[in-house]
Undergrad: 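Quick one: the structure is below, and I'll ask about it shortly.
Only this structure's heavy atoms are used, side chains among them; waters, hydrogens and symmetry mates stay out. To find a chain, count down the sequence lines: A is the first, B the second, and so on, and within it residues start at 1.
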Number of protein chains: 2
Amino acid sequence: MMVSTKGRYALRVLIDLAEHDAGGFIPMKDVVQRQNVSQKYMERIMSLLSKNGFVEGVHGKGGGYRLNRSPEEYRIGDILRLTEGTLAPVSCLDCGAKPCERMDSCRTRPLWHDLDRMINGYLDQVTIADLMKKEN
Amino acid sequence: MMVSTKGRYALRVLIDLAEHDAGGFIPMKDVVQRQNVSQKYMERIMSLLSKNGFVEGVHGKGGGYRLNRSPEEYRIGDILRLTEGTLAPVSCLDCGAKPCERMDSCRTRPLWHDLDRMINGYLDQVTIADLMKKEN
DNA sequence: CATTTACCTACTATGTCAATAGGTAAATGA
DNA sequence: TCATTTACCTATTGACATAGTAGGTAAATG
(Lines give C-alpha, C1' and ligand atoms only; values in the text may rest on other atoms or scores of the structure.)
Protein backbone atom coordinates (compact mmCIF):
# COMPACT_ATOMS: atom_id res chain seq x y z
CA MET A 1 0.00 0.00 0.00
CA MET A 2 2.89 2.30 -0.71
CA VAL A 3 3.56 4.90 -3.38
CA SER A 4 7.12 4.35 -4.58
CA THR A 5 9.89 6.96 -4.73
CA LYS A 6 9.36 7.06 -8.47
CA GLY A 7 5.90 8.54 -8.03
CA ARG A 8 6.90 10.75 -5.11
CA TYR A 9 9.93 12.11 -6.98
CA ALA A 10 7.78 12.78 -10.02
CA LEU A 11 5.45 14.94 -7.95
CA ARG A 12 8.36 16.73 -6.33
CA VAL A 13 10.10 17.53 -9.59
CA LEU A 14 6.90 18.85 -11.16
CA ILE A 15 6.20 21.03 -8.13
CA ASP A 16 9.79 22.25 -8.23
CA LEU A 17 9.56 23.09 -11.93
CA ALA A 18 6.28 24.90 -11.32
CA GLU A 19 7.62 26.91 -8.38
CA HIS A 20 10.80 27.92 -10.20
CA ASP A 21 9.18 28.56 -13.55
CA ALA A 22 10.51 31.76 -15.15
CA GLY A 23 9.54 30.90 -18.69
CA GLY A 24 12.83 29.19 -19.55
CA PHE A 25 14.23 25.71 -19.12
CA ILE A 26 15.45 24.46 -15.76
CA PRO A 27 18.41 22.04 -15.71
CA MET A 28 17.95 18.87 -13.66
CA LYS A 29 21.21 19.68 -11.91
CA ASP A 30 19.44 22.50 -10.07
CA VAL A 31 16.31 20.51 -9.24
CA VAL A 32 18.32 17.56 -8.00
CA GLN A 33 20.35 19.82 -5.75
CA ARG A 34 17.27 21.46 -4.28
CA GLN A 35 15.42 18.18 -3.83
CA ASN A 36 18.50 16.24 -2.72
CA VAL A 37 17.86 13.14 -4.80
CA SER A 38 19.89 11.00 -7.18
CA GLN A 39 20.51 12.72 -10.51
CA LYS A 40 20.74 9.52 -12.54
CA TYR A 41 17.57 8.15 -11.04
CA MET A 42 15.72 11.41 -11.58
CA GLU A 43 16.82 11.46 -15.22
CA ARG A 44 15.00 8.21 -15.82
CA ILE A 45 11.83 9.61 -14.29
CA MET A 46 12.11 12.75 -16.43
CA SER A 47 12.40 10.59 -19.52
CA LEU A 48 9.07 9.01 -18.64
CA LEU A 49 7.43 12.36 -17.95
CA SER A 50 8.84 13.79 -21.17
CA LYS A 51 7.67 10.92 -23.37
CA ASN A 52 4.17 11.26 -21.98
CA GLY A 53 3.84 14.95 -22.57
CA PHE A 54 4.11 16.18 -19.01
CA VAL A 55 7.29 18.16 -19.58
CA GLU A 56 9.39 19.39 -22.46
CA GLY A 57 13.14 18.94 -22.45
CA VAL A 58 15.88 20.62 -24.49
CA HIS A 59 19.54 19.64 -24.71
CA GLY A 60 22.68 21.69 -24.26
CA LYS A 61 23.56 24.91 -22.53
CA GLY A 62 20.53 26.83 -21.38
CA GLY A 63 18.57 23.63 -21.67
CA GLY A 64 16.68 21.60 -19.12
CA TYR A 65 12.99 20.90 -18.53
CA ARG A 66 9.85 22.98 -18.53
CA LEU A 67 6.20 22.24 -17.75
CA ASN A 68 4.03 21.77 -20.82
CA ARG A 69 0.91 23.21 -19.21
CA SER A 70 -0.08 25.36 -16.26
CA PRO A 71 0.15 23.74 -12.81
CA GLU A 72 -3.63 23.46 -12.34
CA GLU A 73 -3.78 21.23 -15.41
CA TYR A 74 -1.64 18.51 -13.81
CA ARG A 75 -3.85 16.07 -11.95
CA ILE A 76 -1.97 14.12 -9.27
CA GLY A 77 -3.87 11.00 -10.30
CA ASP A 78 -2.57 11.20 -13.85
CA ILE A 79 1.01 11.62 -12.70
CA LEU A 80 0.85 8.73 -10.24
CA ARG A 81 -0.98 6.36 -12.59
CA LEU A 82 1.83 6.98 -15.09
CA THR A 83 4.74 6.48 -12.72
CA GLU A 84 3.23 3.74 -10.56
CA GLY A 85 1.69 1.85 -13.45
CA THR A 86 -1.58 1.56 -11.56
CA LEU A 87 -3.11 2.83 -8.35
CA ALA A 88 -5.37 -0.20 -7.96
CA PRO A 89 -5.20 -1.62 -4.39
CA VAL A 90 -5.46 -5.18 -5.76
CA SER A 91 -4.31 -6.55 -9.10
CA CYS A 92 -7.71 -7.93 -10.10
CA LEU A 93 -8.87 -4.32 -10.62
CA ASP A 94 -5.89 -3.48 -12.77
CA CYS A 95 -7.17 -3.47 -16.35
CA GLY A 96 -4.50 -5.28 -18.30
CA ALA A 97 -3.86 -7.83 -15.58
CA LYS A 98 -5.25 -11.29 -15.97
CA PRO A 99 -8.86 -11.48 -14.76
CA CYS A 100 -9.60 -13.45 -11.61
CA GLU A 101 -11.67 -16.59 -12.14
CA ARG A 102 -13.35 -16.14 -8.76
CA MET A 103 -14.60 -12.72 -9.79
CA ASP A 104 -18.32 -13.41 -9.78
CA SER A 105 -18.42 -15.08 -6.38
CA CYS A 106 -15.77 -12.86 -4.83
CA ARG A 107 -16.98 -11.32 -1.58
CA THR A 108 -14.25 -8.70 -1.42
CA ARG A 109 -14.29 -7.35 -4.95
CA PRO A 110 -16.91 -4.64 -4.27
CA LEU A 111 -14.76 -3.45 -1.37
CA TRP A 112 -11.66 -3.12 -3.54
CA HIS A 113 -13.65 -1.56 -6.34
CA ASP A 114 -15.09 1.17 -4.13
CA LEU A 115 -11.74 1.78 -2.49
CA ASP A 116 -10.14 2.12 -5.90
CA ARG A 117 -12.76 4.63 -7.00
CA MET A 118 -12.21 6.67 -3.85
CA ILE A 119 -8.45 6.77 -4.22
CA ASN A 120 -8.49 7.70 -7.90
CA GLY A 121 -11.35 10.14 -7.41
CA TYR A 122 -9.50 11.96 -4.69
CA LEU A 123 -6.18 12.10 -6.51
CA ASP A 124 -7.87 13.35 -9.66
CA GLN A 125 -9.27 16.36 -7.86
CA VAL A 126 -5.91 17.57 -6.62
CA THR A 127 -3.48 19.30 -8.98
CA ILE A 128 0.14 20.42 -8.86
CA ALA A 129 -1.16 23.97 -8.33
CA ASP A 130 -2.80 22.82 -5.09
CA LEU A 131 0.53 21.53 -3.81
CA MET A 132 2.54 24.66 -4.59
CA LYS A 133 3.52 27.14 -1.93
CA LYS A 134 0.85 29.77 -2.36
CA GLU A 135 2.79 32.97 -1.58
CA ASN A 136 4.82 32.94 -4.81
CA MET B 1 -0.16 0.58 -3.87
CA MET B 2 -1.20 -3.01 -3.46
CA VAL B 3 -2.79 -4.96 -0.64
CA SER B 4 -0.80 -8.19 -0.29
CA THR B 5 -2.22 -11.72 -0.38
CA LYS B 6 -1.69 -11.81 3.37
CA GLY B 7 -4.33 -9.15 3.89
CA ARG B 8 -6.62 -10.48 1.19
CA TYR B 9 -6.42 -14.04 2.54
CA ALA B 10 -7.12 -12.76 6.05
CA LEU B 11 -10.34 -11.13 4.86
CA ARG B 12 -11.32 -14.24 2.94
CA VAL B 13 -10.75 -16.60 5.84
CA LEU B 14 -12.72 -14.39 8.23
CA ILE B 15 -15.61 -14.15 5.76
CA ASP B 16 -15.46 -17.92 5.29
CA LEU B 17 -15.51 -18.55 9.04
CA ALA B 18 -18.42 -16.14 9.39
CA GLU B 19 -20.42 -17.70 6.58
CA HIS B 20 -19.87 -21.26 7.81
CA ASP B 21 -20.28 -20.49 11.49
CA ALA B 22 -22.39 -23.14 13.22
CA GLY B 23 -21.19 -22.45 16.71
CA GLY B 24 -18.32 -24.94 16.58
CA PHE B 25 -14.76 -24.84 15.37
CA ILE B 26 -13.92 -25.00 11.68
CA PRO B 27 -10.68 -26.77 10.65
CA MET B 28 -8.38 -24.87 8.30
CA LYS B 29 -8.38 -27.89 6.03
CA ASP B 30 -11.95 -27.08 5.05
CA VAL B 31 -11.41 -23.35 4.63
CA VAL B 32 -8.29 -23.89 2.56
CA GLN B 33 -10.15 -26.28 0.28
CA ARG B 34 -13.02 -23.87 -0.23
CA GLN B 35 -10.76 -20.89 -0.76
CA ASN B 36 -8.15 -22.80 -2.77
CA VAL B 37 -5.10 -21.33 -1.07
CA SER B 38 -1.91 -22.73 0.46
CA GLN B 39 -2.57 -24.44 3.80
CA LYS B 40 0.87 -23.72 5.25
CA TYR B 41 0.70 -20.08 4.27
CA MET B 42 -2.80 -19.72 5.67
CA GLU B 43 -1.67 -21.26 8.96
CA ARG B 44 0.79 -18.42 9.44
CA ILE B 45 -1.92 -15.87 8.84
CA MET B 46 -4.21 -17.64 11.33
CA SER B 47 -1.47 -17.52 13.93
CA LEU B 48 -1.37 -13.73 13.54
CA LEU B 49 -5.15 -13.42 13.72
CA SER B 50 -5.27 -15.70 16.74
CA LYS B 51 -2.56 -13.86 18.68
CA ASN B 52 -4.39 -10.60 18.14
CA GLY B 53 -7.75 -11.78 19.33
CA PHE B 54 -9.54 -11.96 16.00
CA VAL B 55 -10.13 -15.71 16.17
CA GLU B 56 -9.92 -18.51 18.70
CA GLY B 57 -8.21 -21.78 17.83
CA VAL B 58 -8.35 -25.19 19.47
CA HIS B 59 -6.15 -28.20 18.77
CA GLY B 60 -7.06 -31.76 17.95
CA LYS B 61 -10.04 -33.55 16.54
CA GLY B 62 -13.11 -31.35 16.38
CA GLY B 63 -10.79 -28.37 16.61
CA GLY B 64 -10.13 -25.51 14.22
CA TYR B 65 -10.90 -21.81 14.36
CA ARG B 66 -13.88 -19.71 15.32
CA LEU B 67 -14.63 -15.98 15.24
CA ASN B 68 -14.28 -14.25 18.58
CA ARG B 69 -17.04 -11.73 17.93
CA SER B 70 -19.96 -11.21 15.60
CA PRO B 71 -19.15 -10.30 11.98
CA GLU B 72 -20.30 -6.69 12.28
CA GLU B 73 -17.65 -6.15 14.96
CA TYR B 74 -14.79 -6.83 12.56
CA ARG B 75 -13.68 -3.63 10.86
CA ILE B 76 -11.84 -4.23 7.58
CA GLY B 77 -9.41 -1.47 8.52
CA ASP B 78 -8.40 -3.25 11.71
CA ILE B 79 -7.79 -6.52 9.89
CA LEU B 80 -5.73 -4.92 7.12
CA ARG B 81 -3.69 -2.72 9.44
CA LEU B 82 -2.76 -5.86 11.35
CA THR B 83 -1.82 -8.00 8.37
CA GLU B 84 -0.29 -5.28 6.19
CA GLY B 85 1.55 -3.59 9.05
CA THR B 86 0.28 -0.22 7.89
CA LEU B 87 -2.08 1.17 5.28
CA ALA B 88 -0.15 4.43 4.93
CA PRO B 89 0.46 5.32 1.27
CA VAL B 90 3.92 6.68 2.13
CA SER B 91 6.27 5.66 4.91
CA CYS B 92 6.60 9.14 6.42
CA LEU B 93 3.01 8.77 7.67
CA ASP B 94 3.72 5.42 9.25
CA CYS B 95 4.02 6.06 12.97
CA GLY B 96 7.00 4.01 14.06
CA ALA B 97 8.98 4.75 10.92
CA LYS B 98 11.78 7.29 11.08
CA PRO B 99 10.46 10.83 10.63
CA CYS B 100 11.36 12.72 7.47
CA GLU B 101 13.62 15.71 7.96
CA ARG B 102 11.92 17.57 5.12
CA MET B 103 8.58 17.27 6.88
CA ASP B 104 7.94 20.94 7.56
CA SER B 105 8.72 22.17 4.07
CA CYS B 106 7.24 19.13 2.32
CA ARG B 107 4.71 20.15 -0.33
CA THR B 108 3.22 16.69 -0.69
CA ARG B 109 2.72 15.69 2.92
CA PRO B 110 -0.80 17.17 3.21
CA LEU B 111 -1.78 15.18 0.12
CA TRP B 112 -0.57 11.90 1.61
CA HIS B 113 -2.06 12.74 4.96
CA ASP B 114 -5.52 13.36 3.54
CA LEU B 115 -5.30 10.29 1.32
CA ASP B 116 -4.33 8.21 4.33
CA ARG B 117 -7.31 9.52 6.29
CA MET B 118 -9.66 8.73 3.44
CA ILE B 119 -8.40 5.17 3.02
CA ASN B 120 -8.48 4.35 6.71
CA GLY B 121 -11.78 6.11 7.21
CA TYR B 122 -13.42 4.14 4.45
CA LEU B 123 -12.03 0.78 5.52
CA ASP B 124 -13.08 1.41 9.12
CA GLN B 125 -16.69 1.82 8.09
CA VAL B 126 -16.92 -1.55 6.38
CA THR B 127 -17.16 -4.77 8.39
CA ILE B 128 -16.98 -8.47 7.68
CA ALA B 129 -20.78 -8.55 7.97
CA ASP B 130 -20.98 -6.16 5.02
CA LEU B 131 -18.94 -8.51 2.89
CA MET B 132 -20.94 -11.65 3.67
CA LYS B 133 -23.46 -13.09 1.26
CA LYS B 134 -26.68 -11.72 2.66
CA GLU B 135 -29.06 -14.62 1.96
CA ASN B 136 -27.63 -16.89 4.67
C1' DC C 1 34.78 22.77 -30.54
C1' DA C 2 34.64 22.22 -25.70
C1' DT C 3 30.97 22.33 -22.57
C1' DT C 4 26.59 21.49 -21.06
C1' DT C 5 22.61 19.34 -20.97
C1' DA C 6 19.16 15.57 -22.04
C1' DC C 7 18.72 10.84 -23.08
C1' DC C 8 19.79 5.70 -23.38
C1' DT C 9 20.96 0.69 -21.98
C1' DA C 10 22.67 -2.47 -18.92
C1' DC C 11 23.67 -3.91 -14.46
C1' DT C 12 23.27 -4.53 -9.19
C1' DA C 13 22.26 -4.49 -4.30
C1' DT C 14 18.58 -4.91 -1.26
C1' DG C 15 14.33 -6.14 0.46
C1' DT C 16 9.69 -8.01 0.42
C1' DC C 17 6.35 -11.33 -0.91
C1' DA C 18 4.45 -15.78 -1.06
C1' DA C 19 5.22 -19.48 -0.17
C1' DT C 20 7.59 -24.38 1.23
C1' DA C 21 9.89 -27.63 4.39
C1' DG C 22 9.87 -29.95 8.33
C1' DG C 23 8.78 -30.22 12.31
C1' DT C 24 6.35 -29.89 17.77
C1' DA C 25 2.37 -29.49 20.97
C1' DA C 26 -2.22 -30.23 22.31
C1' DA C 27 -6.67 -32.34 22.19
C1' DT C 28 -9.76 -36.03 20.79
C1' DG C 29 -12.23 -40.45 20.19
C1' DA C 30 -11.74 -45.30 19.34
C1' DT D 1 -3.59 -45.90 25.85
C1' DC D 2 -2.50 -44.37 21.43
C1' DA D 3 -3.10 -43.18 16.71
C1' DT D 4 -5.14 -39.36 14.57
C1' DT D 5 -6.22 -34.83 13.96
C1' DT D 6 -5.62 -30.35 14.41
C1' DA D 7 -3.15 -25.94 15.66
C1' DC D 8 1.24 -23.87 16.07
C1' DC D 9 6.40 -22.90 15.39
C1' DT D 10 11.06 -21.75 12.99
C1' DA D 11 13.91 -21.62 9.17
C1' DT D 12 14.63 -21.39 4.33
C1' DT D 13 13.77 -20.28 -0.62
C1' DG D 14 12.58 -18.55 -5.35
C1' DA D 15 10.81 -14.84 -7.68
C1' DC D 16 10.22 -10.24 -8.26
C1' DA D 17 10.22 -5.16 -7.67
C1' DT D 18 12.49 -1.19 -6.01
C1' DA D 19 15.97 2.19 -6.04
C1' DG D 20 19.36 3.04 -7.50
C1' DT D 21 24.61 2.98 -10.16
C1' DA D 22 27.76 2.72 -14.24
C1' DG D 23 28.99 4.26 -18.38
C1' DG D 24 27.97 5.87 -22.06
C1' DT D 25 25.66 8.75 -26.74
C1' DA D 26 23.19 12.70 -28.89
C1' DA D 27 21.98 17.35 -29.31
C1' DA D 28 22.38 22.22 -28.53
C1' DT D 29 25.03 26.35 -27.29
C1' DG D 30 28.44 30.12 -26.50
Undergrad: Taking atom P of C:dC17 as reference, at what distance in whole Å does atom CE of B:M2 sit?
TA: 13 Å
Undergrad: According to a strict under-4.0 Å criterion, is A:T5 in side-chain N/O contact with OP1 or OP2 of D:dA19?
TA: yes
Undergrad: When both hydrogen-bonding distances must be under 3.5 Å and the geometry is Watson-Crick or G-U wobble, what is D:dT29 paired with, if anything?
TA: C:dA2
Undergrad: Can A:V90 be reached from A:M2 by stepping across I, L, V, M, F, W or Y side chains whose heavy atoms are under 4.5 Å apart?
TA: no
Undergrad: Counting only non-hydrogen atoms, which of residues 55-64 of chain B are less than 4.0 Å from DNA chain C?
TA: B:H59, B:G60, B:K61
Undergrad: Between atom CG of B:L49 and atom CD1 of B:I79, what is the distance when rounded to the nearest 0.5 Å?
TA: 7.5 Å
Undergrad: Should B:Y9 be listed as having a side-chain N or O under 4.0 Å from OP1 or OP2 of C:dA19?
TA: yes
Undergrad: To the nearest Å, how far apart are A:E84 CD and D:dA17 P?
TA: 14 Å
Undergrad: So, for B:I26 and B:H20, which heavy atoms are closest and what is the spacing to 0.1 Å?
TA: CD1-O, 3.4 Å
Undergrad: What is the distance, rounded to the nearest whole Å, between atom NZ of A:K51 and atom C1' of C:dT9?
TA: 11 Å
Undergrad: Which heavy atom of B:A88 sits nearest to which heavy atom of B:D116, and what is that distance?
TA: CA-OD1, 3.4 Å
Undergrad: Determine, using the 4.5 Å side-chain heavy-atom cutoff (strictly less than), whether B:F25 and B:I45 are members of one ILVMFWY cluster.
TA: no
Undergrad: Atom CE of A:M28 to atom P of D:dA28: distance rounded to whole Å?
TA: 19 Å
Undergrad: What's the verdict on salt bridge (charged side-chain N to carboxylate O under 4.0 Å, His left out) for A:R81 and A:D124, showing C-alpha distance, side-chain angles and the deciding distance?
TA: CA-CA 10 Å; A:R81 275 186 297 272; A:D124 281 341; 2.8 Å; yes
Undergrad: Is B:R117 positioned over the aromatic face of B:Y122, cation under 6.0 angstrom from the ring centre and no more than 45 degrees off axis?
TA: no
Undergrad: Please say yes or no: joined through hydrophobic side-chain contacts below 4.5 Å, possibly via intermediate residues, are A:V37 and A:L80 part of one cluster?
TA: yes
Undergrad: Is the phosphate of D:dA17 approached by A:S4 (side-chain N or O, under 4.0 Å from OP1 or OP2)?
TA: no
Undergrad: Can you tell me if A:K29 touches the phosphate of C:dT5, counting only side-chain N or O atoms and a distance under 4.0 Å to OP1 or OP2?
TA: yes
Undergrad: List the atom of B:Y74, the atom of B:R69, and the distance in Å for their closest heavy-atom pair.
TA: OH-N, 3.3 Å
Undergrad: To the nearest Å, how far apart are B:Y65 OH and C:dA27 C1'?
TA: 14 Å
Undergrad: Quick check on contacts: within residues 30-49 of chain B, what sits under 4.0 Å from DNA chain C by heavy-atom distance?
TA: B:S38, B:K40, B:Y41, B:R44
